[in-house]
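Only one structure is covered here, and it is reproduced in the block below.
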Amino acid sequence: MDEYQLDYFKENGFVRKQCPKCGKNFWTRDAETEFCGDPPCVSYSFIGAPVFKKEYDISSMREAYLSFFEKHGHTRVSRYPVIARWRDDIYLTIASIADFQPFVTSGLVPPPANPLTISQPCIRLDDLDAVGRSGRHLTTFEMMAHHCFNKRGEEIYWKDRTVELCDSLLKSLGLDLDAVTYKEAPWAGGGNAGPSVEVMVGGLELATLVFMDLKQTKGGSIDIKGDSYEKMDNYIVDTGYGLERFVWASKGSPTIYDAVFPKIVNELMDLAGIEHAIDNPEYAEIFSQNARMAGVMDISGQANLLQLRKKVADSIGTTVEKLQRIMVPVESVYSITDHTRCLAFMLGDGIIPSNVKAGYLARLVLRRTLRLMKELEIREPLIEIIEMQIRNFPEYPEFKERLDTIREIVGLEEEKYADTIERGTKLVRKTAQHFKEKKEKMPLGEIIQLYDTHGIPPEITREVAKEIGIDIELPDTFYSLVAKKHSKAEEDEDKALKLDLPQTRKLYYEYPEQSDFEATVLDVIEKNIVLDRTIFYPEGGGQPADHGTLSVNDYVANVTDVQSLNGVIVHETDSDFGFKKGDTVKGILDWERRLAHMRHHTATHIVNEAAKSVLGKHIWQTGAQKSTDRARLDLTHFKRISEDEFKEIELRANRSVMKNLPVHIDWMDRIEAEKRYGFVLYQGGVPPGKDIRILRVGNDVEACGGTHVSNTGFIGPIKLLKTERIQDGVERIEFSAGEAAIKRLQERDDLLNKASEALRVSPEQLPDTVNRFFEEWKDFKKENERLKAELAEARVKAMMGDAVDVNGLKVLAKKIPHADVEELIKVATEFSKNDDVVAILASDKSGVKIVVAAGARAQKLGVNSGAIVREMSKLVGGGGGGKPGIAQGGGTDASKIEEALEKGVEMVREKVG
RNA sequence: GGGCCUGUAGAUCAGGGGUAGAUCGUUGCGUUCGCAACGCAAAGGCCGCGGGUUCGAAUCCCGCCGGGUCCA
């Protein structure tokens, strides 16, 4: 391909070669180089043989990189959070380019600087299993990068300059440039594609230089792996230099972990009581060998791991078992080191552990870390290690600010995990015992169930079951089996109708206080009307659409819904009148509805701000919905909001109202706004477009497209109604504002008044009185129970004489008026304590109730209470059943009671007589 | 966002249309110089809430509330 025939290569004595192993092309200065430089074609040669002229640590390498590019015309940009707040398609920041997607890369929004350089912390959890084991995998890494956003006709630099910069950077670090190969590796991903070169040194991929200039397009002329692409107008230099790998290459340590965080690895080794393995040359060689071999293979999954172990064991002349004994604890230490760094970033950037979304990922890492710590018998609290990491990052002072919150979160998470494990262990014991008694194997379904519904990892199930004495085999594919159980949600089809109409002028922004307007009809699609301008707010940002009327002369149609389709606003009406293109219509808003929405919307911002000030900086809005009579606001928080906090939020929100703060609205350049206010702007979601609407009320600043009152005083009272935990880690606050709030308060008063009237006490006395009533009610119930038992005894004595003799059995058939089932049962049971008595009782309470009880001897003779009751009940139009000793039944026809009793006696006679 | 599990005595749980149970804990009595242990006995339940089905619901169905958990 011509894509790679760079002038720079030609002018600097590079030769293009084809790797005899993988067949890929690569460029090198050294004509002797045979292979492409990429594992598995070659293996690591830098371990024990550092490639730069001196050793760097994380911060000195980062600084060397950024200042190099600064010197070469790039502007240094601060890092973005690891939680991708500005995007709704990914949770975590996975690459430096992710910072600039989608609006900068699409060309809609200019970059914060151009060209720019950045060192962006990224988190990828895809290879979690390999972390610690492969010697090179990390969940968290910094992607150093320089980006250049070009437009046709406005090119800043492209491929040649990019490779040149890479070369000179490497040279400035003291690399012998003969040692580097640029491997051709076309790149595609996320709807974009382009040529790319991988920068290989010593068998390690230090960087990737991507030249993104294609976008996936239907019917595009360029075909890559079956998808068609087209050239973009804007084309982007997207580089990624692995900071940790550079550090590793500069030190040549056995593993990346030893290179990047030697201090923490050492401290953890101490805590775990493990010998400082890497100081021991013999051990260092094992880990070097392991990293070299892992470098050339995929080690995901048990089978692959075992294969690696075997290779390493063979190469140093030992057994797999011995090797495992040495390596596993050290690998765990590496993992913990990596994971706690990951947690420092996640929690430091404000992720709240939860069972959904990014919070779930945080919990996953956290629990994995706790498990590893337990295995190593590290008793130090997790937070201590995370704090160690935070102290180790003086370049991220923002983490220290949040330390108190982080401490509380980690503490709570540790407790939760301990609870889960404890509950889990009990459950597993029980389940295992069950199968042991049945002398069966524990079925796989059961183990999946334990994991799926109770969160008990299969490893723990196996361990606990072993104690009970049951062996369990776990398939390698366990986790994919679980995944299979959960079907995927179908994606809705995109059926947005395309309108070839100009953007509607948004009068609701220009005249927020106005409730009527005139406009021209641009199009009519059935009952949907498009105007050139409108004052009707379309549904969006959690605010419902405006209602009102549209009229032409005398004809009036109701507007029932308003939607915005890419800026074209469509009014859905109930009209059967033919609105025509060109008509001038008069629109009138249902102002009460709109006003209620405005109040609730501005109130939402105020409550959000109040919640943040009461609960802490980690509070982040995850959703909100307004209506005319209430609004709700979902916030990330790691525990339930207490009653006191609830009241305090309410109080502070109302104080903001009483201050009558002005509501400022400005349209701002997106990048400018992000720079000034940060990503807190995107509480309510990420709006599209170059310019965004910024709303400021008090200390709250958000990008918001909603309609608002001009001063907080217009909101009126804000009444918090309740909090709810909609998900672990997400609290929902419901409230009403303005007139709706007053209505709520009145409704509550009504409830209180009704309740106190019913009890004839004042509302103040209500709690005490209700309490007393409830206690008394319980006492009476018990009393009643006791009296019934006494009464039953008395009745038995009184009625014994009425029994008829049936072949030696005493059969008593009697109607006891008004008795309820319980009474009947008590009496019947009392009778049947006599072995030879059969009691057949009935009452006429709410229809017919029947109870039959038979003494022990009667039962032996074949009297079956259940059968008798069944037959009797049929007669009275119902059903019944029970055990031979006692049975209940009933029906609806009270006039047949005598008949039923006779039937009962007859049945006994049939059996015995 | 999509599932699944779960709510019974102070605690841990069993039962799963037909008189609400076990163990521990509590209280009393016995035994003891006293304690522990043991023996006997008792107290302690809106079976989460509201509807429905049924002669009858802790149990089945629906809704709500609370707790847990998995997947994306």
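Below, all heavy atoms of this structure are taken into account, side chains as well, without hydrogens, waters or symmetry copies. Naming convention: chains lettered A, B, ... in sequence-line order (proteins, then strands); numbering from 1 in each chain.
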Between G25(B) and G44(B), how far apart are the C1' atoms? Round to whole Å, please. 11 Å

Determine the Euclidean distance between corresponding P atoms of C5(B) and A41(B); express it in Å to zero decimal places. 41 Å

Is the NZ atom of Lys810(A) crowded by more than 12 outside heavy atoms at less than 6.0 Å? no

Nucleotide nearest Glu724(A) (side chain, heavy atoms from C-beta), chosen from C46(B), C65(B), C55(B): C65(B)

Just call it for Arg732(A): base, sugar-phosphate, or nothing, with non-hydrogen atoms closer than 4.0 Å on any strand. nothing

Closest to the side chain of Tyr451(A), out of A72(B), G44(B), C70(B), is C70(B)

With the side chain of Tyr91(A) defined as its heavy atoms from C-beta on, choose the nearest nucleotide among A72(B), U69(B), C46(B). A72(B)

Does Lys788(A) NZ have over 12 foreign heavy atoms under 6.0 Å away? yes

Separation between the P atoms of U59(B) and U27(B), rounded to whole Å: 34 Å

Nearest-0.5 Å distance that lies between atom NZ in Lys845(A) and atom CG in Leu824(A): 10.0 Å

So if I take every side-chain heavy atom of Arg640(A) and compare against U19(B), G66(B), U69(B), which nucleotide ends up nearest? G66(B)

Contact class for Lys874(A) (heavy atom, under 4.0 Å): base, sugar-phosphate, or nothing? nothing

Do other residues, nucleotides or ligands put more than 12 heavy atoms under 6.0 Å from the CD atom of Glu422(A)? no

Rounding to an integer number of angstrom, what distance separates G51(B) and U69(B) when you compare their P atoms? 32 Å

Between G44(B) (C1') and Glu785(A) (CD): distance, integer Å: 14 Å

What integer number of Å spans the P atoms of U6(B) and G48(B)? 13 Å

Take atom CG of Leu450(A) and atom P of G68(B), then tell me their distance rounded to the nearest Å. 18 Å

Rounded distance in Å between the C1' positions of C62(B) and G10(B): 33 Å

Tell which nucleotide pairs with C29(B), taking only Watson-Crick or G-U wobble pairs whose two distances are both under 3.5 angstrom. G39(B)

Partner of C47(B) under the Watson-Crick or G-U wobble criteria, both distances under 3.5 Å, comes out as none

Select one nucleotide: of G18(B), C55(B), G68(B), the one nearest the side-chain heavy atoms of Thr892(A). C55(B)

Residue mapping more 5' on RNA chain B - nearest nucleotide basis, Arg367(A) or Ile825(A): Ile825(A)

Counting only N and O atoms by type, is there a donor-acceptor contact under 3.5 Å from the side chain of Thr636(A) to the main-chain atoms of Thr622(A)? no

Should Glu724(A) and Glu734(A) count as side-chain neighbours, where that means a heavy-atom distance under 4.5 Å? yes

Below 3.5 Å between N/O atoms, which protein atoms pair up with nucleotides 21-27 of chain B? Just atom names and distances, please.
none

Can you identify which nucleotide, out of A72(B), G56(B), G68(B), has its nearest atom closest to the Arg725(A) side chain? G68(B)

Are Phe831(A) and Met800(A) close enough that some pair of their side-chain heavy atoms sits under 4.5 Å apart? yes

Compare all side-chain heavy atoms of Val761(A) with those of Asp768(A) and state whether any distance is below 4.5 angstrom. no

Map Ser873(A) and Lys883(A) onto RNA chain B by nearest heavy atom, then report which one ends up closer to the 5' terminus. Lys883(A)

To the nearest Å, how far apart are Lys722(A) NZ and C64(B) P? 11 Å

Leu875(A) CG to C55(B) C1', straight-line distance once rounded to whole Å: 13 Å

Between Lys416(A) (NZ) and U69(B) (P), how many Å, whole number? 7 Å

With both distances under 3.5 Å as the test, what is the Watson-Crick or G-U wobble partner of G1(B)? C71(B)

Using the C1' atom on both, measure A58(B) against C49(B) and round to a whole Å. 14 Å

Report which part of the nucleic acid Gly847(A) touches: base, sugar-phosphate, or nothing (heavy-atom distance under 4.0 Å, all strands). nothing

Do Phe638(A) and Ser354(A) come within less than 4.5 Å of each other through their side chains, counting heavy atoms only? no

With a non-hydrogen cut-off below 4.0 angstrom, is Lys826(A) in contact with a base, only sugar-phosphate, or nothing? nothing

Pick the C1' atom in G45(B) and in U26(B), then give their distance to the nearest Å. 16 Å

